[in-house]
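To find a chain, count down the sequence lines: A is the first, B the second, and so on, and within it residues start at 1. Bear in mind that the values here come from a model prediction, so they are computed numbers and not experimental data. Side chains are part of it too, since the values below use all heavy atoms of this structure and drop only hydrogens, waters and symmetry mates.
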Protein chains: 2
Amino acid sequence: MPTPRERVTIIDVAREAGVAISSASTALNGQPGVSESTRDRVRSVASALGYVPSARGRALSAKRAYSVGLVVERDFDILESDPFFGAFIGGIEEYIAPRGYVLALQITQDSTLTVDRHLALARSRRVDGVFLNEIKADDARVAELAELGFPAVGINPAVGDFPFPAVRQSGTEAIHELVRTLAELDHRRIAHVSGPPHYVHSLERISAWREAMEAVGLQAEDTVNGGFTSDGGRRAADVLMTGERRPTAVFCANDLSAIGFMNRAIELGFRVPEDVSVAGFDGINFGEHVRPTLSTVRTAPRHLGREAARLLLSAIDGDEAADSTIAPARLVLRDSVARLR
Amino acid sequence: MPTPRERVTIIDVAREAGVAISSASTALNGQPGVSESTRDRVRSVASALGYVPSARGRALSAKRAYSVGLVVERDFDILESDPFFGAFIGGIEEYIAPRGYVLALQITQDSTLTVDRHLALARSRRVDGVFLNEIKADDARVAELAELGFPAVGINPAVGDFPFPAVRQSGTEAIHELVRTLAELDHRRIAHVSGPPHYVHSLERISAWREAMEAVGLQAEDTVNGGFTSDGGRRAADVLMTGERRPTAVFCANDLSAIGFMNRAIELGFRVPEDVSVAGFDGINFGEHVRPTLSTVRTAPRHLGREAARLLLSAIDGDEAADSTIAPARLVLRDSVARLR
DNA sequence: TTGAAAGCGATACCAA
DNA sequence: TTGGTATCGCTTTCAA
């Protein structure tokens, strides 16, 4: 390890340029109040000295960390095979990086910790705002952060009163279209492999499926919790495909569980899609790499991330931005869905 | 948006407890120098007041941001389908979170930006140290950060002098074993779908493959750059499988390109593994979800992340920790590899 | 337009 | 053991 050099501070710049510290600050931040000649001189001195403002000094003084927080609650093993959140983070980055913000990312393993981390980030003012992702039915984060008056943005929160700005992408239309399509392909027993029921987005997909089933005059009976994981999807296949009322089509709450379901069904001796059609939700790239290729409801995580970041930064700036609704998710039909024969 | 409350500072705690600020600080940080009774009183006042130290004040004063930086250079589209870095981040988190550190994550799209971001994080002292991942042959980050004397840790840097502590996991042995296995299965034409050649880890896999081929008396001829992406793997399949010297086995530099290769080969009318055996590198979970299941060299990204974080934090503390070498990657044979027939 | 000085919220040194 | 105070590096207000 080499030895650190002494840092160049704004004091050095001011001294070298022969101005007061306040003038140097004003000049460097492009604020009005200094003459052009002074500004130029300060700037050239700063760059000659290789001056880079200290994020720490600035954060303390400006009362802003220039940083936003995202806490992802995921099992380590699942994290590895969950490509969804990469795209979401990409969208966040895309918006915040050009604006000088940095993402503070945390991973947690259980929901108590998740709440704690959010609150710790907020209370210690490590970040200026947080993303509320994967919101639960009675999510402790929401009330606590609202109580603190801390900036936050919700990603697909439940409809109803939500104390923060929110970004939404609806999957309901696409789920209806999926069920309608399956019904037209002569499927009558369409099961649902859901996500954990404490998540708002799980519940929404369940009710969308229910409503869609009723809309085409079918019974919405069989639901198995697939836990949003491929193993959960496999277990769901064991339950559903060896049960009494074997479905001819299955809508899974995400692609990971759909892939698990599909592979397990095939292992059990069924053919996809000849014996059972399978569809997922999310639209991860891997859906195109499995065989048969996976039908899915394609969401736009990157776009969602970008919009969420936009709303969050404007909330941090104290602006009252309107909620953002991005174009609904789209049904993507691939080889895993076919006419019942 | 609710209205923020005024923050409780250490001044409030000190006043309420009837002690000096310095005593309050000493008491709260568990340092020696205050009586037990004082410590208890300060602590109970602090928790009664709901005091949470300001990360900003602390960072400035303690000259430590309690934060480490990771910059991932990835195309947004690829990010979405790259499960590898999730596990790596998981490992980092696992180590740093209990120690009060936070990960600052940035995503970039090109290599100039990547260097800039590292330097910006370092110069502004936004973070206390950075991870040097996916190191390139002549990586500008290394020299610049060394020049700054900024704490960093290398993940699989090239052997030779490297100015920072490093974590390494070798894949060479497993690649040798793979080639040996393929040779024993009667394969003679074993091609390599490499990563972009400017990466150190691409080069290492290429030379491991070369040496392994020579070791079993085979010609190491055909190499195509698969860019570490599934599309790149597909293009490599187009080139290799329709070329003059069609290989009977292919070693791909990562699983993503292996999956792309496999799927494209199948589309071209070849059977895997009957016509061509395919193996990847990384050991991502999705390798088990594709059909045929993918043979691979399984690395330990989470472990790598954890060790890298350990070395980085000790470098930040000024400790001279020894480089860390974790158990070599292991060959995992699955259905995509079989005897030539 | 410029400069002096008061914070921001901690830590840590040094007397008492 | 305790308390006063300088300090970290910046922003911002307020006089001059």
Engineer: For nucleotides 10-14 of chain D, print each protein N/O atom paired with a nucleotide N/O atom at under 3.5 Å, atom names and distance only.
Structural biologist:
{"unit_1": "dC10(D)", "atom_1": "OP1", "unit_2": "Tyr51(A)", "atom_2": "OH", "d": "2.8"}
{"unit_1": "dC10(D)", "atom_1": "OP1", "unit_2": "Ser54(A)", "atom_2": "N", "d": "2.8"}
{"unit_1": "dC10(D)", "atom_1": "OP2", "unit_2": "Ile10(A)", "atom_2": "N", "d": "2.5"}
{"unit_1": "dC10(D)", "atom_1": "O5'", "unit_2": "Tyr51(A)", "atom_2": "OH", "d": "3.4"}
{"unit_1": "dC10(D)", "atom_1": "O2", "unit_2": "Ser61(A)", "atom_2": "OG", "d": "3.0"}
{"unit_1": "dT11(D)", "atom_1": "OP1", "unit_2": "Asn29(A)", "atom_2": "ND2", "d": "3.2"}
{"unit_1": "dT11(D)", "atom_1": "OP2", "unit_2": "Ser25(A)", "atom_2": "OG", "d": "2.8"}
{"unit_1": "dT11(D)", "atom_1": "OP2", "unit_2": "Asn29(A)", "atom_2": "ND2", "d": "3.4"}
{"unit_1": "dT11(D)", "atom_1": "O4'", "unit_2": "Ser61(A)", "atom_2": "OG", "d": "2.3"}

Engineer: Mapping Leu60(B) and Gly18(B) onto DNA chain D by nearest heavy atom, which one lands closer to the 5' end?
Structural biologist: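 Closest to the 5' end, via its nearest nucleotide, is Gly18(B).
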
Engineer: Any donor and acceptor pair, going by atom type alone, linking the side chain of Ser61(A) with main-chain N or O of Gly57(A) inside 3.5 Å?
Structural biologist: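 No; zero donor-acceptor contacts below 3.5 Å.
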
Engineer: Is there a donor-acceptor contact under 3.5 Å from the side chain of Asp319(A) to the main chain of Ala315(A)?
Structural biologist: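 No; zero donor-acceptor contacts below 3.5 Å.
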
Engineer: Assign the ring pair Tyr199(A) / His201(A) to parallel, tilted or perpendicular, where the plane angle (0 to 90°) is split at 30° and 60°.
Structural biologist: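 If you compare the ring of Tyr199(A) with that of His201(A), the planes turn out tilted.
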
Engineer: List, one per line, each side-chain donor-acceptor pair under 3.5 Å for residues 38-52 of chain A, sequence neighbours excluded.
Structural biologist:
{"unit_1": "Thr38(A)", "atom_1": "OG1", "unit_2": "Ser35(A)", "atom_2": "OG", "d": "2.7"}
{"unit_1": "Arg39(A)", "atom_1": "NE", "unit_2": "Glu36(A)", "atom_2": "OE2", "d": "3.4"}
{"unit_1": "Arg39(A)", "atom_1": "NH1", "unit_2": "Ala27(A)", "atom_2": "O", "d": "3.0"}
{"unit_1": "Arg39(A)", "atom_1": "NH1", "unit_2": "Gln31(A)", "atom_2": "O", "d": "3.4"}
{"unit_1": "Arg39(A)", "atom_1": "NH2", "unit_2": "Gln31(A)", "atom_2": "O", "d": "2.7"}
{"unit_1": "Arg41(A)", "atom_1": "NH1", "unit_2": "Ala17(A)", "atom_2": "O", "d": "2.4"}
{"unit_1": "Ser44(A)", "atom_1": "OG", "unit_2": "Asp40(A)", "atom_2": "O", "d": "3.3"}
{"unit_1": "Ser44(A)", "atom_1": "OG", "unit_2": "Arg41(A)", "atom_2": "O", "d": "3.0"}
{"unit_1": "Ser47(A)", "atom_1": "OG", "unit_2": "Ser44(A)", "atom_2": "O", "d": "3.3"}

Engineer: I'd like the 5' and 3' limits of the part of DNA chain C contacted by chain A, with heavy-atom contacts below 4.0 Å.
Structural biologist: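 Counting from the 5' end, contacts occupy dT1(C) to dG9(C).
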
Engineer: Under the rule for salt bridge (Lys or Arg N to Asp or Glu O under 4.0 Å), what residues qualify as partners of Glu93(A), not counting sequence neighbours?
Structural biologist: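 With neighbours one apart ignored, the set is empty.
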
Engineer: Output the residues of residues 34-42 of chain A in contact with DNA chain C, where contact means a heavy atom of the residue under 4.0 Å from an atom of the strand; sort by number or write none.
Structural biologist: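 Here the set is Val34(A), Ser35(A), Thr38(A).
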
Engineer: Just jot down the side chain to side chain donor-acceptor pair (under 3.5 Å) partners of Ser324(B), sequence neighbours excluded, or say none.
Structural biologist: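 Side chain to side chain donor-acceptor pair (under 3.5 Å) check on Ser324(B) returns Glu307(B).
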
Engineer: For Arg126(B), give me all partners under salt bridge (Lys or Arg N to Asp or Glu O under 4.0 Å), at least two apart in sequence or on another chain.
Structural biologist: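 Scan of Arg126(B) (salt bridge (Lys or Arg N to Asp or Glu O under 4.0 Å), adjacent residues dropped) gives none.
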
Engineer: Which heavy-atom pair separates Gly129(A) from Leu312(A) by the least distance, and what is that distance?
Structural biologist: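 That closest heavy-atom pairing would be C-CD2, 3.8 Å.
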
Engineer: Would you please name every residue forming a salt bridge (Lys or Arg N to Asp or Glu O under 4.0 Å) with Arg168(A), sequence neighbours left out?
Structural biologist: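 Listed in chain order: nothing, the list is empty.
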
Engineer: Mind checking what makes side chain to side chain donor-acceptor pair (under 3.5 Å) contact with Asp323(B), not counting sequence neighbours?
Structural biologist: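 Residues passing side chain to side chain donor-acceptor pair (under 3.5 Å) with Asp323(B): none at all.
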
Engineer: Do any pairs count as a side-chain hydrogen bond (donor to acceptor under 3.5 Å, both in side chains) and have a residue in residues 102-122 of chain A, sequence neighbours left out, and if so which ones?
Structural biologist: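 The answer is Glu73(A)-Thr114(A), Thr108(A)-Thr114(A), Asp110(A)-Thr112(A), His118(A)-Arg141(A).
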
Engineer: Enter the inter-axis angle for the ends of the helix from dT1(C)-dA16(D) to dA16(C)-dT1(D) (five pairs per end, rounded to 10°).
Structural biologist: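 End axes: 50° apart.
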
Engineer: Quick one: salt bridge (Lys or Arg N to Asp or Glu O under 4.0 Å) partners of Glu94(B), sequence neighbours excluded?
Structural biologist: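 Partners of Glu94(B) by the salt bridge (Lys or Arg N to Asp or Glu O under 4.0 Å) criterion, ordered by chain and then number, come out as Arg302(B), Arg306(B).
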
